[in-house]
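Worksheet: one structure, shown below.
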Amino acid sequence: MNKQPIACPNPSCENHLPRSADFFRKRGYYTPKHLGHKLARYQCKTCGKTFSNQTFSDDFRQHRQDINHMLPRLLCSGVTMRRAAWILECSYNTVCSRLPWLAEKARAAHEAALDSGAMKTSYIQFDEMQSFEHAAAKALTIALAVRAKTGQILSAKVGRIPSNGHLADTGQTLYGWTRNESPKACLLALRQASRVAKPKVTVGCDKATPYPSYVAKAFSKRLAPVVDAQAARGGAGGDFDPLFKLNHKCAVIRSDLACMARRTWATTKKRARLQDRLDLFIAVHNGYAFT
Ligand SMILES: [Zn+2]
């Protein structure tokens, strides 16, 4: 669909700010390789600059704009980046470069949703889940906050943590993996979640000792959040799970993000990209129209 342009893209042209409707003349058509239909080109009558509606679009200069709709859905359906490239008939490098771009748009959509007031809640569930970057000894934590009533994900923040158990020595000596970013990730996630908290809010979490202090720090005193520290689910399956909504979302993340599955070879290579994938997952899962 060709819309009438309202300004010249040349910043030094007098038509750069919208003025008269007839500042341009039509200058034929072109058909982008992967778009499947033609687009009109225009020319500024003052400076002679030629342009199209694509010039003003946020996917300007992308060769494969057509993958922007399907790529987030594939990446949040358990498909790996290489397999997504194969399905969409583009290169792996295109998927690599498009992921941060899509994640930026997903973050903006999530910020807008948090500010819209439509997600106001009086019960938030909070916990951490674990993954790793490159090698199992380089452990990562993901602080996750969920709106218990609807299951909408309010925040997911990645940070590195020292590995424990039999990998602790390897992480420390081989990789120097000793920094603990868990408090920082928890505070970031709780601060973001606190933006949709109603005046009377309860934060459900497990009995991990530092969580009540994180909640007190992250939530403004005016909200006076009540921390509901539950015993972690015990015993065989079928027992009542007080953090069911959150644990369910953790299971969905493990299933829908290829790099988060257990016993996978599609592991996270950079934690910044894991953060991108989680932000993309929040937007897809919460149902934002961001592409
Ligand atoms: Zn111009």
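Nothing fancy with the numbering, it's 1 onward along the sequence. In listed order, ligands and their atoms are each counted from 1.
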Taking 4.0 angstrom as the limit, do Lys138 and Glu133 come out as a salt bridge?
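No, this pair does not count.
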Can we say Glu181 and Lys184 salt-bridge, meaning some charged N sits less than 4.0 Å from an Asp/Glu carboxylate O?
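Result for this pair is no, no salt bridge flagged.
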Give, for atom OG of Ser57 and atom NZ of Lys3, the distance between the pair rounded to the nearest 0.5 Å.
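Those atoms lie 8.0 Å apart.
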Taking atom NZ as the centre, does Lys45 end up with more than 12 heavy-atom neighbours from other residues, nucleotides or ligands that are less than 6.0 angstrom away?
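Result for NZ/Lys45: enclosed.
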Would you say CZ of Arg195 has more than 12 non-hydrogen atoms from neighbouring residues, nucleotides or ligands within 6.0 angstrom?
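Counting other residues, nucleotides and ligands, CZ of Arg195 exceeds 12 neighbours.
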Which residues and atoms, counting only protein N, O or S, are under 2.8 Å from the Zn ion (ligand 1)?
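The answer is Cys8 SG, Cys13 SG, Cys44 SG, Cys47 SG.
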Return the orientation label for the Phe24 and Phe51 ring planes: parallel under 30°, perpendicular over 60°, tilted otherwise.
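Aromatic pair Phe24/Phe51 classed perpendicular.
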